[in-house]
Amino acid sequence: MKETISVLGVELKYVSTEDAEALTEEYLNNDVLNTLCVVTKEMLVYAGEHPKYREILEDMDLHVVVDKDIFTAAGIVEERLLKKADDRQIWNLFISDVAREKKSCFLLAQTEEETVVLKECLLEECPDLIIAGTYAAQRSPGEPEAIVNEINGILPDVVISSMTQPDQELFIFSQRKKLGVKVWFALPPVDSYIRAGGDSWLSRLIGKTVFNRRVQMYNSMQEEALEQEEEESGESKE
């Protein structure tokens, strides 16, 4: 069963690991494109500042929250959920199911180099994964139909993408009705890992600091708005 949390005014839909297995099975075997994306603190900060992007992000069928800071910001402190966020169990379950059911995958990244990195990482993690095709978005700048044609020409079951944000989410939102695939799983951009040299403590620290400041600012604004509303309500009664 999906549950909803709100962070920086963005509504996120997530599931527990127990429910994820059934949902993954459904997504991989139906005839409707379902979209999943890994949500980062940076995406939520951007969504909090750009209403259109917030709507697009909320339109995803499922948000994979793998950062306990996001749960904490939403007021969730249950140790079970926080541990599962760190373990990235939803992603591990999904990619294992894709390989076990022999579903074909199409990989989409921003550059040729990032496409190679993405393919190597996925095969290292899951050697049995069937990769039917790859494509670098830089081949067709400003031409989304070229990417759509490349994907539909292969007709994979699953697209796993790792492109620049917010372009990745904008592309999925605008092109999803044209695609003949079952599942689109959007990961953070590969180049963020390349620049940081992996999961560096510095990149985590910087992201956490900016995110926490924005959460505090947002909560403060919400409290001020509520206080003002209560004051205006009291004055009208007088």
Side-chain angles (χ1 to χ4, degrees), residues 33 35-47 50 53 56-57 60 63-67 88 90-92 94-96 98-99 103-176 178-208 210-211:
L33 172 59
T35 55
L36 304 85
C37 71
V38 173
V39 178
T40 66
K41 294 188 290 288
E42 292 77 14
M43 291 167 66
L44 292 175
V45 170
Y46 188 84
H50 299 81
Y53 179 72
I56 289 172
L57 188 58
M60 293 286 181
H63 303 96
V64 181
V65 180
V66 295
D67 191 324
R88 293 162 170 77
I90 303 296
W91 162 254
N92 293 336
F94 173 80
I95 200 67
S96 297
V98 170
K103 301 295 186 181
S104 59
C105 297
F106 185 96
L107 309 185
L108 178 63
Q110 199 66 37
T111 67
E112 299 289 355
E113 178 192 5
E114 291 167 16
T115 303
V116 172
V117 172
L118 179 60
K119 182 177 181 178
E120 290 177 349
C121 290
L122 290 175
L123 288 177
E124 181 178 347
E125 181 178 359
C126 194
D128 295 331
L129 198 64
I130 299 173
I131 298 178
T134 65
Y135 195 77
Q138 69 173 13
R139 297 185 201 171
S140 310
E143 299 180 17
E145 63 277 2
I147 300 176
V148 170
N149 291 338
E150 189 73 22
I151 295 172
N152 286 341
I154 295 176
L155 277 182
D157 297 298
V158 178
V159 173
I160 299 175
S161 66
S162 180
M163 297 193 297
T164 304
Q165 296 161 332
D167 295 341
Q168 174 166 250
E169 293 74 38
L170 293 172
F171 177 87
I172 296 170
F173 180 80
S174 62
Q175 305 298 320
R176 63 181 300 170
K178 303 174 184 177
L179 293 161
V181 302
K182 298 178 184 296
V183 181
W184 187 303
F185 203 122
L187 302 172
V190 172
D191 94 300
S192 65
Y193 299 116
I194 296 174
R195 289 198 311 268
D199 193 18
S200 75
W201 68 268
L202 182 59
S203 63
R204 292 199 308 269
L205 179 61
I206 292 173
K208 181 175 180 178
V210 173
F211 178 72

From [X] [atom1] over to [Y] [atom2], what is the distance, rounded to the nearest 0.5 angstrom?
{"X": "Leu107", "Y": "Leu118", "atom1": "CG", "atom2": "CG", "result": "5.0 Å"}
{"X": "Met163", "Y": "Ile147", "atom1": "CE", "atom2": "CD1", "result": "5.5 Å"}
{"X": "Gln165", "Y": "Glu42", "atom1": "CD", "atom2": "CD", "result": "8.5 Å"}
{"X": "Cys37", "Y": "Ile172", "atom1": "SG", "atom2": "CD1", "result": "7.0 Å"}
{"X": "Glu125", "Y": "Trp91", "atom1": "CD", "atom2": "CH2", "result": "6.0 Å"}
{"X": "Leu123", "Y": "Ile130", "atom1": "CG", "atom2": "CD1", "result": "11.0 Å"}

### Task
Please say whether more than 12 non-hydrogen atoms of neighbouring residues, nucleotides or ligands are located less than 6.0 Å from CD in Glu145.
yes
### Message
Atom NZ of residue position Lys182 - does it have more than 12 heavy atoms of other residues, nucleotides or ligands inside 6.0 Å?
### Response
yes
What's the shortest heavy-atom distance between [X] and [Y], and which atoms?
{"X": "Ser162", "Y": "Pro188", "answer": "OG-O, 2.5 Å"}
{"X": "Asp157", "Y": "Lys103", "answer": "OD2-CA, 3.4 Å"}
{"X": "Ala186", "Y": "Ser161", "answer": "CA-OG, 3.6 Å"}

For the residue pair [X] and [Y], establish whether any side-chain heavy-atom pair is separated by less than 4.5 Å.
{"X": "Phe171", "Y": "Val148", "result": "yes"}
{"X": "Glu169", "Y": "Met60", "result": "yes"}
{"X": "Phe94", "Y": "Val183", "result": "yes"}
{"X": "Phe185", "Y": "Val38", "result": "yes"}

### Query
Hey, mind stepping through Phe106 and Val181 against side-chain contact (heavy atoms from CB on, under 4.5 Å) and telling me if it holds?
CA-CA 10 Å; Phe106 185 96; Val181 302; over 6 Å; no
#### Entry: Sequence-distant partners of Ser140, side-chain contact (heavy atoms from CB on, under 4.5 Å), two or more places apart
Tyr135, Glu143, Ala146
### Query
With distance as the sole test, does Glu150 use its side chain to make a donor-acceptor pair with the main-chain N or O of Ala136 at under 3.5 Å?
no
### Task
Could you tell me whether a side-chain N or O of Asn152 sits under 3.5 Å from a main-chain N or O of Gly180, the two making a donor and an acceptor?
yes
### Query
What residues, two or more places apart in sequence or in another chain, satisfy ring pair (Phe, Tyr, Trp, His ring centres under 6.0 Å) together with Phe173?
none
### Summary
Which of Ile131, Leu36, Ile95, Leu108 passes side chain to side chain contact (heavy atoms under 4.5 Å, CB included) with Ile160? Answer is Ile95
